[in-house]
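These notes concern the structure reproduced below.
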Number of protein chains: 4
Amino acid sequence: MPKVTEEHRLARRAQIVAAARTCVIEQGFHKTTMADVIQESGLSAGAVYSYFKSKEAIVAAIAEDALSAIDELFEKLLASAEPLSPLMALERTIAHVVTVAEAPGGDVTRVAVQAWAESLRNEEIHEVAKGKYCQLRDHFLDIVRRAQADGTVDPDVDPLHIAQVMFGMIPGFVLQRLLIGDVTPETYSAGLRALLRQ
Amino acid sequence: MPKVTEEHRLARRAQIVAAARTCVIEQGFHKTTMADVIQESGLSAGAVYSYFKSKEAIVAAIAEDALSAIDELFEKLLASAEPLSPLMALERTIAHVVTVAEAPGGDVTRVAVQAWAESLRNEEIHEVAKGKYCQLRDHFLDIVRRAQADGTVDPDVDPLHIAQVMFGMIPGFVLQRLLIGDVTPETYSAGLRALLRQ
Amino acid sequence: MPKVTEEHRLARRAQIVAAARTCVIEQGFHKTTMADVIQESGLSAGAVYSYFKSKEAIVAAIAEDALSAIDELFEKLLASAEPLSPLMALERTIAHVVTVAEAPGGDVTRVAVQAWAESLRNEEIHEVAKGKYCQLRDHFLDIVRRAQADGTVDPDVDPLHIAQVMFGMIPGFVLQRLLIGDVTPETYSAGLRALLRQ
Amino acid sequence: MPKVTEEHRLARRAQIVAAARTCVIEQGFHKTTMADVIQESGLSAGAVYSYFKSKEAIVAAIAEDALSAIDELFEKLLASAEPLSPLMALERTIAHVVTVAEAPGGDVTRVAVQAWAESLRNEEIHEVAKGKYCQLRDHFLDIVRRAQADGTVDPDVDPLHIAQVMFGMIPGFVLQRLLIGDVTPETYSAGLRALLRQ
DNA sequence: AATGAATGAGACTTCATTCAT
DNA sequence: TATGAATGAAGTCTCATTCAT
């Protein structure tokens with residue numbers, strides 16, 4: 001019989017993750033200190049460490065959140081019955097990226113970029129990233145297969161290769177948005193429509 | 001005296017950058033310590049600090065190198081007189097990415113991903129990244145303009161938007177190659193050829 | 001009511017001491033955390049603190065127990081009417097040490113060694129240790145005096161000095177048993193019989 | 001070509017060990033903090049950690065020193081050609097213990113008692129303690145064998161058992177000296193002469 | 001009375017940088 | 001000029017104890 005409800009525990013955990021995310025968005029994983037997270041969360045060091053056993057665990061939690069963010073809503077948006085052309089799927093994904101990025105709580109795409117870098121030297125995060133992105137890519141794979149069935153896309157090309165290229169357009173949008181700042185769903189749509197077969 | 005000394009200085013500098021790159025490829029910017037770089041370079045702490053005033057300066061040097069790597073050869077490859085279709089330009093760029101990544105001295109694309117993350121909190125690296133990537137994107141812009149002049153690409157679409165999408169395919173290739181590992185210039189070519197108007 | 005409650009209190013106290021002893025035998029005083037004791041006892045933090053005002057108080061209680069262990073049974077064994085030679089007294093004491101050490105609840109001699117170390121910087125435990133060991137030594141003193149009266153031992157030597165040497169054989173047995181492991185009451189008896197006048 | 005001599009390094013190391021020993025004598029292994037050792041040594045944290053990789057390593061070094069202290073001089077004292085009776089060997093050992101204990105630099109017997117306790121939960125220190133004490137006991141074993149050859153000691157008793165009892169008298173002296181304080185080489189000699197066959 | 005979540009001082013250790021030699 | 005030992009601020013994490021519920 002815990003003194004506090006499971007609800008309370010989850011709320012505290014979320015509070016810590018939110019605080020940590022805020023810090024990471026501003027300073028990155030490595031410049032964010034536990035003292036920053038503790039202060040931002042409004043809890044004590046001991047409290048934070050009773051929810052996460054180490055800084056690494058917090059980083060992993062935030063990274064997983066950020067890597068899931070796109071796919072989470074992707075499922076909702078694209079899992080509808082009506083077939084979606086590759087172009088429309090990309091347009092909706094890009095639009096969703098911006099929605100998620102501009103949601104309150106800070107731009108998670110900044111955390112995702114951190115997670116990409118971290119994946120290169122942290123096997124745990126690498127596994128998460130690989131898993132999440134394969135899952136996301138599989139959604140594009142479904143769309144490609146439907147389009148091949150429709151005859152909209154050449155059925156003789158391996159659909160995985162097409163899904164690779166489709167998925168591969170997302171990080172480039174995220175990166176241009178963060179580093180250069182002149183891309184929007186509208187500019188990307190225009191470019192896509194000019195470049196892609198339809 | 002000045003000539004030899006200057007050469008010597010440059011050689012030393014390159015030696016330090018190479019050592020630091022090796023460390024960064026394995027451990028990332030933040031887990032790489034100056035002690036690591038000093039050991040790997042075979043120089044003394046004092047020597048290293050006489051060439052770079054801080055760790056941050058070394059990081060900036062490596063980041064700049066890595067962010068330039070793609071564009072450097074891009075210029076050589078694409079600055080030829082004959083017009084290049086968007087598809088071919090992308091194919092050559094992707095092929096070049098892999099060439100550079102597999103060159104001796106370690107996979108610079110790993111450093112580039114580190115640099116993306118670092119750009120988000122380090123204004124100096126941000127400026128470099130933005131500059132290098134705008135420059136690279138401008139090359140795509142040229143190609144798009146020529147294609148619009150040829151009538152191969154719709155002339156009514158803002159060529160920048162098309163260049164954005166083209167440029168935006170590169171980071172996605174790099175990322176899938178590092179995180180998932182199942183993309184090659186050949187799979188990407190197949191996907192591009194299926195997806196793009198020609 | 002008071003009777004039952006008092007019994008209850010004593011049982012709880014014993015439960016805590018037993019739990020703490022288990023921890024201390026495994027990890028020593030300092031590596032044992034209150035969290036360990038709380039978990040091992042099956043009580044809550046608040047409960048444990050309602051029986052002992054601090055970790056130090058628990059440590060003191062265990063130390064006192066361990067330092068008393070030898071003497072407790074010593075009294076029973078040696079307080080008989082018949083005179084005991086120094087040799088026999090030592091043999092019985094050594095035998096008793098092993099009995100106590102092998103009793104269920106864990107080897108208290110391990111706690112005693114911890115208490116020796118702790119005595120050097122904790123005045124409270126020092127007082128307890130000094131008191132218990134003087135008391136134990138006094139039993140040897142009685143035996144020496146009887147032996148001097150019998151003429152078995154030289155009456156011209158200060159009996160305290162003889163008791164010091166007799167008492168001084170016990171820690172060496174305990175230590176060799178714990179650190180080296182090749183001493184038993186039998187090997188010690190053989191050594192004593194060869195070495196001591198009888 | 002190190003910038004500092006080996007001599008210098010050894011001196012620094014000794015400086016740290018001496019500082020740590022001072023702290024440990026006052027406060028024990030666990031209450032001694034690295035900050036204490038750093039302050040007492042007059043060096044910086046970084047300097048201390050460049051000579052010892054952890055607090056545990058310093059503790060091990062001090063423990064080894066303390067456990068060796070008795071045996072070191074034991075060898076010098078007893079390795080003479082002339083045969084030494086068990087009684088004389090014990091007397092000289094006890095005298096040596098006091099000499100060592102009263103040497104400048106602090107009473108190492110206090111450290112030895114700490115090491116006994118630490119041996120029970122630290123396998124590295126346990127191995128050192130076991131090794132050193134077996135070595136010391138072997139010296140008593142030699143003496144016993146000579147005495148058996150002389151006919152001074154019963155040749156039918158296992159000499160190891162006799163050495164166990166002889167060795168076993170030393171910790172008891174050390175402990176009474178530290179905890180009770182009324183033993184001296186003279187009182188112990190008197191007791192030994194009254195108790196032992198000669 | 002009992003619980004156990006929360007506190008926060010303080011422990012150990014690292015590492016970018018300097019400067020006496 | 002080059003060296004690398006030394007610095008010390010700052011980082012991560014622990015744990016004895018308390019007190020709101």
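What's counted below: heavy atoms across the whole structure, side chains too, no hydrogens, waters or symmetry copies. This is a predicted model, so every value here is computed, not measured. So that the names make sense, note that chain A is the first sequence line, chain B the second, and so on, each numbered from 1.
Minimum heavy-atom separation, D:Tyr49 to D:Met34: OH-CG, 3.4 Å.
Checking the phosphate oxygens (OP1, OP2) of F:dA2, no side-chain nitrogen or oxygen of B:His8 falls inside 4.0 Å.
More than 12 heavy atoms of other residues, nucleotides or ligands lie within 6.0 Å of CD in A:Glu127, so this atom counts as buried by the packing criterion.
Across the strands present, F:dA20 finds its partner in E:dT3; the criterion is a Watson-Crick or G-U wobble pair with both atom distances under 3.5 angstrom. With both pairing distances under 3.5 Å, F:dA10 is matched to E:dT13 as a Watson-Crick or G-U wobble pair. Shown here, E:dG8 forms a base pair with F:dC15; the pair counts as Watson-Crick or G-U wobble because both key distances fall under 3.5 Å.
No hydrogens or angles considered: nothing links the side chains of A:Gln114 and A:His30 as a donor-acceptor pair under 3.5 Å.
Closest to the side chain of B:Ser44, from the set F:dG8, F:dA2, E:dT17, is F:dA2. Side-chain proximity of C:Met34 to F:dT3, E:dA6, F:dT17: nearest is F:dT17.
As a whole-Å value, the separation of A:Leu43 CG from F:dT14 P is 17 Å. Computed from coordinates, the B:Gln39 CD to E:dC15 P distance equals 13 Å when rounded to whole Å.
Between A:Lys55 and C:Tyr49, the residue anchored nearer the 5' end of DNA chain F, judged by the nucleotide with its closest heavy atom, is A:Lys55. Annotation: of the two residues near DNA chain E, C:Arg12 and A:Gly46, the 5′-most nearest-nucleotide partner is C:Arg12. Nearest-nucleotide positions on DNA chain F place B:Tyr51 closer to the 5' end than the other of B:Tyr51 and A:Lys53. Each of B:Ala45 and D:Ser54 lies near DNA chain E, and the nucleotide nearest D:Ser54 is the one positioned closer to the 5' end.
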